[in-house]
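Residues take their numbers from the sequence shown, with the count starting at 1. Side chains are part of it too, since the values below use all heavy atoms of this structure and drop only hydrogens, waters and symmetry mates. What you see is a predicted model, and the numbers here were worked out from it, not measured in a lab.
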Amino acid sequence: MVFVVADVLNWILLGKPDLYLLRHFLQLRFAIEPEAAFLAAKFAKEDDLLAIENALVRMKNATNGEDDTHEADISFHQSVLCASNKPFFIQLNNFIGTALKINIRFTNRMIPVTIAEYQAHVDIFEHIKNGEPQQAFDAAMVTQKATLEIVNKQIQTLEEKKS
């Protein structure tokens, strides 16, 4: 029997993933998502840009509680992967979707997307749309670093409580 990474992550979701495992996922996202944004800035087609923009509209609506925060965020990241127009990045859609579901359990509050989070995603999109690969990469790194910082702070708090 062959299992794919997304299957394993789905099983983990059924259990109780810990912050250390989440940090491993985030570190892998560092290697994938900024590069996907870089490639999207070079190879995105009009329909790809529309998909990213639609995800942004959903995220904006989520800032007002008018859409599902989690699904809108996942849709954005998956749209960027697809916009890379690279088959192996596109195949990572399920993995990233599952990893984000785990990520969201720990880092997203049950409140709408904040304006700052929304703006960080807009920045990524604008650089992709304008064909600015390095700037798209850098903007994606900003969001990845912010998420990792949240998890690292939670791990630090957990370790302080243990000692």
Exactly one candidate in Q135, E132, Q134 meets side chain to side chain donor-acceptor pair (under 3.5 Å) with H127; the answer is E132
Looking only at non-hydrogen atoms, find the nearest pair between F137 and A37 and report the distance. N-CB, 4.4 Å
Rounding to 0.5 Å, atoms CD (E117) and OG1 (T147) come to a distance of 8.0 Å
Should H121 and F125 count as side-chain neighbours, where that means a heavy-atom distance under 4.5 Å? no
Are L50 and I52 connected into the same hydrophobic cluster when the rule is that any two of I, L, V, M, F, W, Y join if their side-chain heavy atoms are below 4.5 Å apart? no
Between K162 and E159, is there a side-chain N and carboxylate O pair less than 4.0 Å apart? no
Value for CZ (R29) from CG (L100), rounded to nearest 0.5 Å, stands at 4.0 Å
Any salt bridge linking E149 with K153? Criterion: basic side-chain nitrogen under 4.0 Å from a carboxylate oxygen. yes
Should N85 and L39 count as side-chain neighbours, where that means a heavy-atom distance under 4.5 Å? no
Under a 4.5 Å side-chain heavy-atom rule over Ile, Leu, Val, Met, Phe, Trp and Tyr, are V142 and I115 clustered together? no
Please determine whether the number of non-hydrogen atoms from other residues, nucleotides or ligands lying under 6.0 Å from atom CZ of F88 exceeds 12. no
Please determine whether residues F76 and I90 belong to a single hydrophobic cluster, defined as Ile, Leu, Val, Met, Phe, Trp and Tyr linked transitively by side-chain heavy-atom distances below 4.5 Å. no
In Å and rounded to the nearest 0.5 Å, what is the OG1 to CZ distance from T98 to F25? 9.0 Å
Minimum-distance pair of heavy atoms, taken over all atoms of Q144 and F30: O-CE1, 3.6 Å
Non-hydrogen atoms of L19 and V151 that approach each other most closely: O-CG1, 3.8 Å
Rounding to 0.5 Å, atoms CD (Q91) and NZ (K86) come to a distance of 14.0 Å
Would you compute the distance between atom CD1 of I96 and atom CG of L28 and round it to the nearest 0.5 angstrom? 6.5 Å
Shortest non-hydrogen contact between Y20 and I155, atoms and distance: CE2-CG2, 3.6 Å
Answer yes or no: is there a donor N or O on one side and an acceptor on the other, between the side chain of N61 and the main chain of R58, under 3.5 Å? no
Please name the pair of heavy atoms, one in I124 and one in A136, separated by the smallest distance, quoted to 0.1 Å. O-CB, 4.4 Å
Taking side-chain contact (heavy atoms from CB on, under 4.5 Å) as the criterion, tell me which of D67, D73, D68 meets it with E71. D68
Is the number of heavy atoms from other residues, nucleotides or ligands within 6.0 Å of CD (E46) greater than 12? no
Quick check: closest heavy atoms across E33 and A140, and the distance to 0.1 Å? O-CB, 4.3 Å
Kindly compute the distance separating OG (S79) from CD (E53), expressed to the nearest 0.5 Å. 11.0 Å
Verify whether one side chain among D123 and Q119 offers a donor that lies under 3.5 Å from an acceptor in the other. yes
